Amino acid sequence: MTRTVIESKTKTVVIGFDEPFCVIGERINPTGRKKLAAELEMGDFSTVEKDALEQVACGAMVLDVNSGAVFTNKMAEDPRYADNNFVEPPLMRDLVTRIQSIVDVPLCIDSSVPGALQNGLEAAEGRPLLNSVTGEEERLELVLPLVKKYNVPVVAISNDDTGISEDPEVRFAVAKKIVERAADFGIPAHDIVVDPLVMPIGAMGTAGQQVFTLVRRLRDELGVNTTCGASNISFGLPHRHGINGAFLPMAITAGMTSAIMNPMRVQEMEAIRAANFLMNHDANGSQWIAFSRIMDAVEAGTPFAEASKASMDAGAGQGGRRRRRA
């Protein structure tokens with residue numbers, strides 16, 4: 001069975017067909033979060049630290065760290081700040097250093113800037129996941145050598161020089177190309193986690209069916225693990241969390257093994273916990289029972305993050321070990 005191993009200094013997370021679904025927390029991302037970008041511009045990492053702690057408490061097994069910030073004020077003073085290749089590398093190093101000083105889960109280094117990817121890899125302890133490579137020739141030549149040099153797994157996004165195709169056959173072909181090119185660098189298929197690209201269901205009625213079919217093919221024909229930006233499926237629609245909560249178990253049944261998502265959303269996390277139990281990836285339902293106690297507290301009025309932290313602290317107080325599989 002395909003096993004993609006990701007590590008921090010103290011924890012190992014395995015993404016695999018026979019493993020619990022891997023939740024990759026998406027919150028540490030200044031893209032579209034003006035308040036967070038403004039804080040980072042001032043050297044304020046308080047929201048980053050808060051998001052890191054709360055995501056882990058709520059069930060994130062890996063944290064995505066995205067350095068795509070726009071420093072508007074500094075840009076006006078120094079034109080170099082208009083260039084992401086100038087802004088992101090030092091910011092990524094700072095983000096990784098800060099985050100791993102307060103949480104011990106593995107990280108996913110996320111940037112379109114090669115210098116930021118390298119800085120994140122250099123600063124990360126353990127074996128992080130790299131996010132990402134595409135089928136574009138230039139990107140393959142830039143990113144795959146980093147993957148090989150640092151011996152890390154990588155997210156492979158199913159688009160290339162022609163953009164994002166609405167045809168699932170094209171997206172599968174791009175994923176296959178990336179896997180084959182990675183093999184040329186000596187990178188095994190088990191270190192490729194394919195993102196088949198989830199289209200918004202509001203814009204394309206077959207989006208769900210497409211991704212389920214793609215995930216099955218990627219598992220059966222290429223033998224790779226998969227991920228996605230889970231909230232893409234509900235983009236632009238009302239009551240999005242209901243759609244996300246239905247989509248995730250269906251994707252898990254099709255063979256999807258991870259998702260980049262917001263673990264602080266109760267509905268989605270409840271759906272994942274239930275799916276793990278139903279897929280026999282939760283021995284004796286122990287994780288479901290623990291989560292049900294959190295839900296009892298939430299229904300009694302305790303915020304989800306607070307109830308989750310209390311549960312995590314109680315587990316640690318009962319002899320939980322730091323060195324364990326997440």
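Remember, it's a predicted structure, so these values are computed and weren't measured experimentally.
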Without hydrogens or angle criteria, can the side chains of [X] and [Y] be said to hold a donor-acceptor pair below 3.5 Å?
| X | Y | answer |
| --- | --- | --- |
| T2 | N225 | no |
| S231 | N244 | no |
| S165 | D167 | no |
| R240 | S234 | yes |

Begin with the C-alpha distance, continue with both residues' side-chain angles, and end with the deciding distance and a verdict on side chain to side chain donor-acceptor pair (under 3.5 Å) for N29 and T31.
CA-CA 6 Å; N29 185 346; T31 306; 3.0 Å; yes
I need the D104 CG to S8 OG distance, nearest 0.5 Å.
5.5 Å
Taking only Lys NZ, Arg NE, NH1 and NH2, and the carboxylate oxygens of Asp or Glu, determine whether R181 and E141 approach each other closer than 4.0 Å.
yes
I'd like to know if E49 pairs up with R98 as an ion pair, taking the criterion as any Lys NZ or Arg NE/NH1/NH2 lying under 4.0 Å from an Asp or Glu carboxylate oxygen.
yes
Please step through side chain to side chain contact (heavy atoms under 4.5 Å, CB included) for the pair V5 and E7, ending with a clear verdict.
CA-CA 7 Å; V5 178; E7 296 175 327; 4.0 Å; yes
Just do the side chain to side chain contact (heavy atoms under 4.5 Å, CB included) check on Y150 and L130 with the steps written out, would you?
CA-CA 10 Å; Y150 290 93; L130 198 65; over 6 Å; no
Assigning hydrophobic clusters by single linkage (Ile, Leu, Val, Met, Phe, Trp, Tyr; side-chain heavy-atom cutoff under 4.5 Å), is [X] placed with [Y]?
| X | Y | answer |
| --- | --- | --- |
| V23 | L63 | no |
| V113 | V155 | no |
| V96 | V154 | yes |

Which pairs of donor and acceptor atoms, one on a side chain in residues 86-93, lie under 3.5 Å apart (sequence neighbours left out)?
residue: E88; atom: OE1; partner: S67; partner atom: OG; Å: 2.6
residue: E88; atom: OE1; partner: S111; partner atom: OG; Å: 2.6
residue: E88; atom: OE2; partner: N84; partner atom: ND2; Å: 3.4
residue: R93; atom: NH2; partner: N119; partner atom: OD1; Å: 3.2
residue: R93; atom: NH2; partner: E122; partner atom: OE1; Å: 2.9

One pair to check against side chain to side chain donor-acceptor pair (under 3.5 Å): H281 and E19. What are the steps and the verdict?
CA-CA 6 Å; H281 296 160; E19 299 287 336; over 6 Å; no
Close side-chain approach of Q100 to L107, heavy-atom, < 4.5 Å
yes
Step by step, work out the side chain to side chain contact (heavy atoms under 4.5 Å, CB included) result for T253 and M250.
CA-CA 5 Å; T253 303; M250 295 174 75; 5.7 Å; no
Can you confirm whether or not the ring centre of F212 sits under 6.0 Å from the ring centre of F247?
yes
